[in-house]
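This is the structure, below, for whatever I ask next.
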Amino acid sequence: MSGKDSKSRDFDHLIEQNSTELTFLSAYGGLPTEAADSIAIFSAIKRFISAGGVEFSESNNKLNLEFGYVKIVDNGVKIHIKGKSLPLVASDLTQAGFVDGKLPVRKGSCTVTLQDWDIDQRRFIERLIEHLRD
């Protein structure tokens, strides 16, 4: 075994050991490495909002909510929310797994396409639901 093989294995081990500590990198955004699984994300959102007690009707890969909709689109799952003074800033819509975000100046609505279903997306939806229920 040469020293080069050992160093390579040590580096791989170090990355593997510390991979859970690298989550801060998601704050820099970027594109997912794989195509978004829109159907899985849509199903996850449906279960999430249902468990949260949000009422909705479903038709043609779209959830109609009292305050907006969730819809499967070509590049992910589009969410459109209407409300007064939504508790968002523009950077909320540019995190990793979020694309095509739009937030008007008055914050009366927002539109964003989710390409991932992770903690950031769950917090985003949870925050909006809490705000709209108050």
Side-chain angles (χ1 to χ4, degrees):
M1 182 182 325
S2 71
K4 188 174 184 179
D5 292 336
S6 177
K7 287 180 183 176
S8 175
R9 192 171 35 194
D10 290 343
F11 181 70
D12 291 341
H13 177 72
L14 181 64
I15 293 295
E16 180 181 314
Q17 182 180 15
N18 293 301
S19 66
T20 58
E21 297 174 16
L22 299 176
T23 56
F24 70 92
L25 292 174
S26 70
Y28 294 101
L31 298 173
T33 56
E34 301 175 7
D37 185 353
S38 301
I39 294 171
I41 295 169
F42 182 80
S43 295
I45 292 171
K46 181 179 169 182
R47 287 189 307 272
F48 187 72
I49 64 174
S50 180
V54 175
E55 293 183 21
F56 59 87
S57 62
E58 183 176 5
S59 63
N60 298 330
N61 294 322
K62 182 177 181 181
L63 303 177
N64 294 301
L65 314 169
E66 179 182 334
F67 47 83
Y69 65 84
V70 176
K71 178 182 179 180
I72 294 178
V73 293
D74 291 338
N75 61 339
V77 177
K78 184 176 188 175
I79 296 178
H80 176 76
I81 302 293
K82 300 175 289 189
K84 291 185 178 185
S85 298
L86 295 175
L88 300 172
V89 293
S91 63
D92 289 328
L93 306 178
T94 60
Q95 300 178 69
F98 293 76
V99 295
D100 302 330
K102 294 174 183 63
L103 181 65
V105 175
R106 295 182 189 259
K107 300 181 183 182
S109 68
C110 82
T111 303
V112 68
T113 299
L114 303 184
Q115 293 187 321
D116 197 7
W117 183 249
D118 206 352
I119 190 72
D120 293 329
Q121 289 76 21
R122 288 191 296 270
R123 283 185 191 151
F124 173 79
I125 292 173
E126 186 175 46
R127 214 165 82 206
L128 289 172
I129 290 171
E130 286 176 5
H131 174 76
L132 294 166
R133 284 192 168 169
D134 290 342

Separation between SG of C110 and CG of D92, rounded to the nearest 0.5 Å =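 The distance works out to 9.0 Å.
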Around atom NZ of K71, are there more than 12 heavy atoms of other residues, nucleotides or ligands at under 6.0 Å?
->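 No, NZ of K71 has 12 or fewer neighbouring heavy atoms, counting only those of other groups under 6.0 Å.
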Distance-minimising heavy-atom pair for L88 and K107 =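 Taking L88 first and K107 second, the nearest heavy atoms are O-NZ, 2.8 Å.
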Determine the minimum heavy-atom distance between S109 and P104, stating which atoms define it.
->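 Minimum heavy-atom contact is O-CD, 3.0 Å.
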Should I119 and V77 be regarded as members of a common hydrophobic cluster, given that ILVMFWY residues are connected when their side-chain heavy atoms come within less than 4.5 Å of each other, either directly or indirectly?
->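 Cluster IDs for I119 and V77 differ.
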Would Y69 and F56 count as a close aromatic pair, with their ring centres under 6.0 Å?
->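 No.
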Decide whether L93 and V73 are clustered together by the hydrophobic rule: side chain heavy atoms of Ile, Leu, Val, Met, Phe, Trp, Tyr closer than 4.5 Å, transitively.
->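 Unlinked, L93 and V73 end up in two clusters.
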Could you grab the distance from atom CG of D116 to atom CD1 of I41, nearest 0.5 Å is fine?
->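 Rounded to the nearest 0.5 Å, the CG-CD1 separation comes out at 6.0 Å.
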Would a distance-only check, ignoring hydrogens and angles, find a side-chain to backbone donor-acceptor pair under 3.5 Å from Q115 to N75?
->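 Yes.
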Could you go step by step and tell me if T113 and F98 meet the side-chain contact (heavy atoms from CB on, under 4.5 Å) rule?
-> CA-CA 6 Å; T113 299; F98 293 76; over 6 Å; no
F67 and V54: which non-hydrogen atoms are nearest, and at how many Å?
->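 Taking F67 first and V54 second, the nearest heavy atoms are CZ-CG1, 4.0 Å.
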Would you say S38's side chain and G76's backbone share a donor-acceptor pair under 3.5 angstrom?
->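 Yes, because the side chain of S38 sits within donor-acceptor range (under 3.5 Å) of the backbone of G76.
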E55 versus E66: any side-chain heavy-atom pair under 4.5 Å?
->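 Result no, sub-4.5 Å side-chain heavy-atom pair not found.
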Measuring from L65:CG to K82:NZ, what's the distance to the nearest 0.5 Å?
->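 Those atoms lie 9.5 Å apart.
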For residues G108 and L86, report the shortest heavy-atom separation together with the two atoms involved.
->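 Heavy-atom minimum between the residues: C-CD1, 4.3 Å.
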Test ring-ring contact (aromatic ring centres under 6.0 Å, His included) applied to F48 and F124, W117, F42, the passing residue =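 Only one of F124, W117, F42 forms a ring-ring contact (aromatic ring centres under 6.0 Å, His included) with F48, namely W117.
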In terms of hydrophobic clustering (I, L, V, M, F, W, Y; side-chain heavy atoms under 4.5 Å; direct or indirect links), are I72 and V112 co-clustered?
->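 Yes; tracing contacts between hydrophobic side chains, which count when under 4.5 Å, links both residues.
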Do side-chain atoms of H131 reach the backbone of G83 as a donor and acceptor pair under 3.5 angstrom?
->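 Not confirmed, H131 side chain does not pair with G83 backbone.
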Taking all non-hydrogen atoms of both residues, which atom of A90 and which atom of L103 are closest, and how far apart?
->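 Distance-wise, the nearest heavy atoms are N-CD2, 3.8 Å.
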So do the side chains of I49 and L63 get within less than 4.5 Å of each other, counting heavy atoms only?
->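 A side-chain contact under 4.5 Å exists here.
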Could you walk me through whether I81 and I125 pass side-chain contact (heavy atoms from CB on, under 4.5 Å), step by step?
-> CA-CA 10 Å; I81 302 293; I125 292 173; over 6 Å; no
Compare every heavy atom of P87 with every heavy atom of R127, then report the nearest pair and how far apart it is.
->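 Nearest pair, atom of R127 first, then P87: NH2-O, 2.9 Å.
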From E126 atom CD to Q121 atom CD, the distance as rounded to the nearest 0.5 Å |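 The CD atom of Q121 is 13.0 Å from CD of E126, to the nearest 0.5 Å.
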